[in-house]
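Everything numeric here is computed off the predicted structure, so don't read it as measured data. Any value given below was found using the heavy atoms of this structure, including those in side chains, with hydrogens, waters and symmetry copies removed.
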Amino acid sequence: MDAAPASTALLTDRYELTMLQAALRSGAAHRHSVFEVFTRRLPEGRRYGVTAGTGRVLDAVENFRFTTPQLDWLADQRVVDEDTLRWLADYRFTGNIRGYGEGECYFPGSPLLVVEGSFAEAVILETTILSILNHDSAIAAAASRMSASAGDRPMIEMGARRTHEAAAVSAARAAYVAGFGSTSDLQAGFQYGIPTSGTAAHAFTLLHDTERDAFTAQIESMGRGTTLLIDTYDVGEAVRTALEVAGPDLGAVRIDSGDLLMLAHRVRRQLDELGAVKTRIVVTSDLDEYAIAALASAPVDAYGVGTSLVTGSGQPTCSMVYKLVARGTSTDPDSPLVPVAKRSAGAKASRGGRKWAARRLDAEAVAEAEVVGTGEVPGTLRESLLHRELVREGEIVGREPLAEARVRHLRSRGQLPLSATQLSKGDPVIPTEYLEG
């Protein structure tokens with residue numbers, strides 16, 4: 001029998017539940033409310049964002065159930081009162097969620113997720129939703145920049161040893177959405193069906209008396225199509241030994257240190273001179289999007305990326321927020337919705353009202369603006385709306401294979417102006433325009 005899915009109910013901040021308690025006491029908890037997830041700005045150096053983690057959000061909402069031990073702990077810690085505990089014991093999200101499809105690009109002000117329900121059942125999802133979207137979208141943005149720099153060359157996600165074990169799995173998933181083709185993390189492969197890659201580390205070579213012994217053992221175990229790590233000792237000697245052991249049909253060699261540009265040219269020349277013209281070269285040494293771009297002219301066939309990827313290449317969060325933008329005038333479910341927004345003299349101001357979003361394309365089918373509006377959608381934009389239905393009256397309706405998110409990302413990124421994938425700093429590649437309904 002499968003184990004019950006883990007509850008996500010305590011992956012939240014205390015103030016979500018204390019707000020709930022106060023709202024239940026005042027009666028306002030039952031007002032129909034609309035929350036939106038958006039970011040006011042892109043991280044420095046980014047010209048577009050990438051939506052990732054949507055599928056994980058759906059799992060988290062579905063598993064947002066308070067268990068008896070959790071409720072007992074909340075009572076023991078006096079986090080909330082008895083009335084609130086009874087309400088939490090029966091909690092199920094029964095509202096609606098729509099949002100950008102996973103893999104879709106986004107911009108400042110894009111309403112990435114719209115959560116509708118009573119204030120009580122929507123407000124307590126804030127932290128869980130933001131923690132997933134902020135992390136996964138940051139990884140996906142970095143992965144997208146790297147995969148764009150790599151062009152048609154395969155990308156391997158290899159960051160499991162550089163981050164928290166659970167974050168490694170979600171990072172591999174986000175990277176796959178944004179163009180990476182495989183991961184070294186077996187849990188990610190098992191959980192999400194992502195292809196896995198990996199052969200041997202330097203420890204395997206050091207274990208054996210000679211490099212030849214190590215290569216022989218690996219070839220006998222994994223076949224001639226395997227990838228041999230050639231920079232434990234002398235690279236040139238390792239290439240000669242590898243081909244003496246495996247012959248010209250060796251699958252690939254991997255370089256994990258040194259001047260990758262110089263070594264890639266030297267190794268390619270040596271492989272070709274020794275008849276191994278089909279043997280591929282994989283490089284894996286602390287790469288980021290800039291290093292990958294610098295290797296564009298090198299005879300490299302694939303890249304493995306770890307630390308920079310799982311840390312968002314210097315931007316580990318997207319600064320997304322979850323804000324109430326409309327609420328009912330009373331607890332009557334038919335009461336009209338009124339826009340609400342935080343007033344601020346600084347950069348934290350927000351726009352009220354339930355929103356839609358569309359991407360306007362020019363005559364060449366290139367994106368020219370992100371259009372965010374309230375009220376009626378102009379007829380010219382109805383075919384370009386970005387929201388998908390994800391949850392309907394508490395039921396998950398928006399699950400999709402991860403492969404669809406990959407295809408969506410490539411299509412979405414491909415519609416952006418060419419400057420979107422330049423690594424130089426700049427403003428968002430298209431502006432966000434607002435239409436008031």
message = Tell me whether D81 is salt-bridged to R25, with the criterion being a basic N under 4.0 Å from an acidic carboxylate O.
response = yes

query = Any donor-acceptor pair under 3.5 Å linking the side chain of E102 with the backbone of G55?
reply = yes

ask   = Can R98 and E389 be counted as an ion pair, charged N to O under 4.0 angstrom?
value = no

message = Please check this pair: side chain of T12 against backbone of T127, looking for a donor-acceptor N/O pair closer than 3.5 Å.
response = no

query = Could R406 and Y176 be counted as a cation-pi pair, given that NZ or CZ must be under 6.0 Å from the ring centre and within 45° of the axis?
reply = yes

task = Output yes when a side-chain donor or acceptor of R327 lies under 3.5 Å from a complementary backbone atom of S118, and no otherwise.
result = no

query = Going by the side chain to side chain donor-acceptor pair (under 3.5 Å) test, which pairs reach into residues 426-437, not counting sequence neighbours?
reply = R360-E433

ask   = Would you say H135 and T317 make side-chain contact, with heavy atoms under 4.5 Å?
value = no

task = Would you please test V305 and M158 for side-chain contact (heavy atoms from CB on, under 4.5 Å) and show each step?
result = CA-CA 5 Å; V305 189; M158 304 173 66; over 6 Å; no

ask   = Would you call the rings of F119 and F35 parallel, tilted or perpendicular if under 30° counts as parallel and over 60° as perpendicular?
value = tilted

task = Provide the closest heavy-atom pair for A175 versus I139 in the form atom of the first, atom of the second, distance.
result = N-CG2, 4.4 Å

ask   = Can you list the steps and then say if Y48 with I430 is a side-chain contact (heavy atoms from CB on, under 4.5 Å)?
value = CA-CA 8 Å; Y48 63 95; I430 59 173; over 6 Å; no

ask   = So which heavy atom on F180 is nearest to which on E157, and how close?
value = CD2-N, 3.5 Å

inquiry  = Could you tell me if R41 and S319 have a donor-acceptor pair between their side chains, going purely by distance under 3.5 Å?
reply    = no

query = Does any non-hydrogen side-chain atom of T54 lie less than 4.5 Å from one of L390?
reply = yes

Donor-acceptor pairs under 3.5 angstrom involving side-chain atoms of residues 56-64: please list them, not counting sequence neighbours.
residue: R56; atom: NE; partner: D136; partner atom: OD2; Å: 2.8
residue: R56; atom: NH2; partner: D136; partner atom: OD1; Å: 2.9
residue: R56; atom: NH2; partner: D136; partner atom: OD2; Å: 3.4
residue: D59; atom: OD1; partner: R399; partner atom: NE; Å: 3.3
residue: D59; atom: OD1; partner: R399; partner atom: NH2; Å: 2.9
residue: E62; atom: OE1; partner: R399; partner atom: NH2; Å: 2.7
residue: N63; atom: ND2; partner: D59; partner atom: O; Å: 3.1

message = Using a 6.0 Å cut-off, check whether atom CZ of R382 has over 12 heavy atoms from anything other than its own residue.
response = yes

inquiry  = Check this for me: does any side-chain nitrogen of one of R388 and E400 sit under 4.0 Å from a carboxylate oxygen of the other?
reply    = yes

task = Might you point out which heavy atoms bring A160 and A168 nearest each other, and give the distance in Å?
result = CA-CB, 3.7 Å

key: Salt bridge K425-E44, side-chain N to carboxylate O under 4.0 Å   = yes

key: 4.5 Å side-chain heavy-atom contact, R145 and L423   = yes

ask   = Should we count CD of E383 as having more than 12 external heavy atoms under 6.0 Å?
value = no

ask   = Looking at D76 and R78, does any basic side-chain N land under 4.0 Å from a carboxylate oxygen?
value = no

task = Spell out, as yes or no, whether a donor-acceptor pair under 3.5 Å connects the side chain of T205 to the backbone of A214.
result = no

message = I need the minimum non-hydrogen distance between F93 and E116, along with the two atoms involved.
response = CZ-O, 3.6 Å

